[in-house]
Number of protein chains: 2
Amino acid sequence: MTNRYRIGDLATQLAVPTQTIRYYEHEGLLSKPARTEGNYRVYGIAERERLTFILHCRALDMTLDEIRHLLRLRDAPGQGCAEVNAVLDAHIGHVAERIRLLNDLQLQLKDLRARCESPSTSKDCGILQGLASFPTAQDGGASRAGVHGRRAQE
Amino acid sequence: MTNRYRIGDLATQLAVPTQTIRYYEHEGLLSKPARTEGNYRVYGIAERERLTFILHCRALDMTLDEIRHLLRLRDAPGQGCAEVNAVLDAHIGHVAERIRLLNDLQLQLKDLRARCESPSTSKDCGILQGLASFPTAQDGGASRAGVHGRRAQE
DNA sequence: AGAGACTTTATAGTAGCTTCAAGGTCAAGC
DNA sequence: GCTTGACCTTGAAGCTACTATAAAGTCTCT
């Protein structure tokens, strides 16, 4: 039968590390699976679908908490999906806000960058001086935008 | 004199937690300050300015590594500031890339959201179905955009 | 029987803090 | 002189979502 998977099968099929699958189990997103005699995890179709769901949510950059929330809703099939909409709308809001902050940030960075077009010594560098005297974020501030990703490095 | 600060003074003036100042010291961004008889840290104007510099860089969402780099350049005043420009340009590149990823993400989320405008039960919810069957990120994927900030929550 | 690919658990590391615990210091008030 | 309370000290743990490592057990093939 095709609906019995070991952790490595699932990992290969869905292109996710095995450790991540165990981590999701540890975090309660996946429930504890059956085991073979040799104590290997065994997964079926339902678990494969659940993991797919989780991975899609992650690809949309939801937190594990948001995903936990959606999974709870998914597990209560008669409930009406207004709450699903609410979770998604909140997430869309997070993303929109983040984009706004990053655009502000980009403006400030370009402004700063424009202070040093001509070569000079760092003692007189307009950028370094700007960084020492610029108004701080808390005054009308950009809070924090989160530029550095975990998968999208360099 | 106004140029002797304890850690709490500095923290209040620059609106940063005292623990964060100690953390920057631990990470080598600030050097070990003088101490009072009672072993309290004492800071002067130069340290205050250095911390201001660091906080401005953080407000522009640079990593501590990027900031360390800029501080090294700042500490070598005769060096020419081409490298300062390079650090900043690289950072501007990071931000631009992040904005691009988030815009992709926003499109996908809105697409998904459009699947459930009419109220229904979660069993039939187009969003939950979409999340279970959507193409995964790895096929042409958005890698990871990083939506959830540390200071800008909810 | 032995090699090699797979699995198991537990543990530590990543970034940039934040929070906690257990205690030491200092100025003011009674 | 003694207490109260605000401040300071260090060290360790917690946060997110993994990733990496180690040491050991299992399975499959030859």
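Proteins come first, then strands; the chains are lettered A, B, ... in the order of their sequence lines, and each starts at number 1.
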Counting distance only, does the side-chain N/O of [X] pair as donor-acceptor with the main-chain N or O of [Y] below 3.5 Å?
X: B/Glu97; Y: B/His94; value: no
X: B/His69; Y: B/Leu64; value: no
X: A/Gln13; Y: A/Leu10; value: no
X: A/His26; Y: A/Ile21; value: no

Q) What residues, two or more places apart in sequence or in another chain, satisfy side chain to side chain contact (heavy atoms under 4.5 Å, CB included) together with A/Phe53? A)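 Partners of A/Phe53 by the side chain to side chain contact (heavy atoms under 4.5 Å, CB included) criterion, ordered by chain and then number, come out as A/Cys57, A/Leu70, A/Leu71, A/Arg74, B/Leu128, B/Leu131, B/Ala132.
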
Whole angstrom value for the distance that separates [atom2] of [N] from [atom1] of [X]:
X: B/Glu25; N: C/dC17; atom1: CD; atom2: C1'; value: 16 Å
X: A/His94; N: D/dT16; atom1: NE2; atom2: P; value: 14 Å
X: A/Asp9; N: C/dA5; atom1: CG; atom2: P; value: 16 Å
X: A/Glu66; N: D/dA17; atom1: CD; atom2: C1'; value: 13 Å
X: B/Glu27; N: C/dG13; atom1: CD; atom2: P; value: 14 Å
X: A/His26; N: C/dT9; atom1: NE2; atom2: P; value: 12 Å
X: A/Tyr23; N: C/dT7; atom1: OH; atom2: C1'; value: 21 Å
X: A/Leu10; N: C/dT8; atom1: CG; atom2: C1'; value: 17 Å

Q) So do A/Tyr43 and A/Asp9 actually touch side chain to side chain, heavy atoms under 4.5 Å? A)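 In short, these two side chains do not touch, never coming nearer than 4.5 Å.
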
Ignoring backbone atoms, test whether [X] places a side-chain nitrogen or oxygen under 4.0 Å from the OP1 or OP2 oxygen of [N].
X: A/Arg41; N: C/dT9; result: yes
X: B/Tyr24; N: C/dC17; result: yes
X: A/Arg58; N: D/dC18; result: yes

**Q.** B/S/- contact track for nucleotides 21-30 of chain D, protein heavy atom under 4.0 Å
**A.** B---BBS---

[Y] reachable from [X] in the ILVMFWY side-chain graph, under 4.5 Å edges:
X: B/Val87; Y: B/Ile92; result: yes
X: B/Leu14; Y: B/Met62; result: yes
X: A/Ile45; Y: A/Val16; result: yes

(Q) Closest-nucleotide mapping onto DNA chain D: is B/Ile7 or A/Thr20 further toward the 5' terminus? I mean the 5' end. (A) B/Ile7

Q: Report which part of the nucleic acid B/Arg22 touches: base, sugar-phosphate, or nothing (heavy-atom distance under 4.0 Å, all strands).
A: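 B/Arg22: base contact, heavy atoms under 4.0 Å.
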
Q.
Quick check on the helix from C/dA1-D/dT30 to C/dC30-D/dG1: what's the angle between its two end axes, five base pairs per end, to the nearest 10°?
A.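 The value is 30°.
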
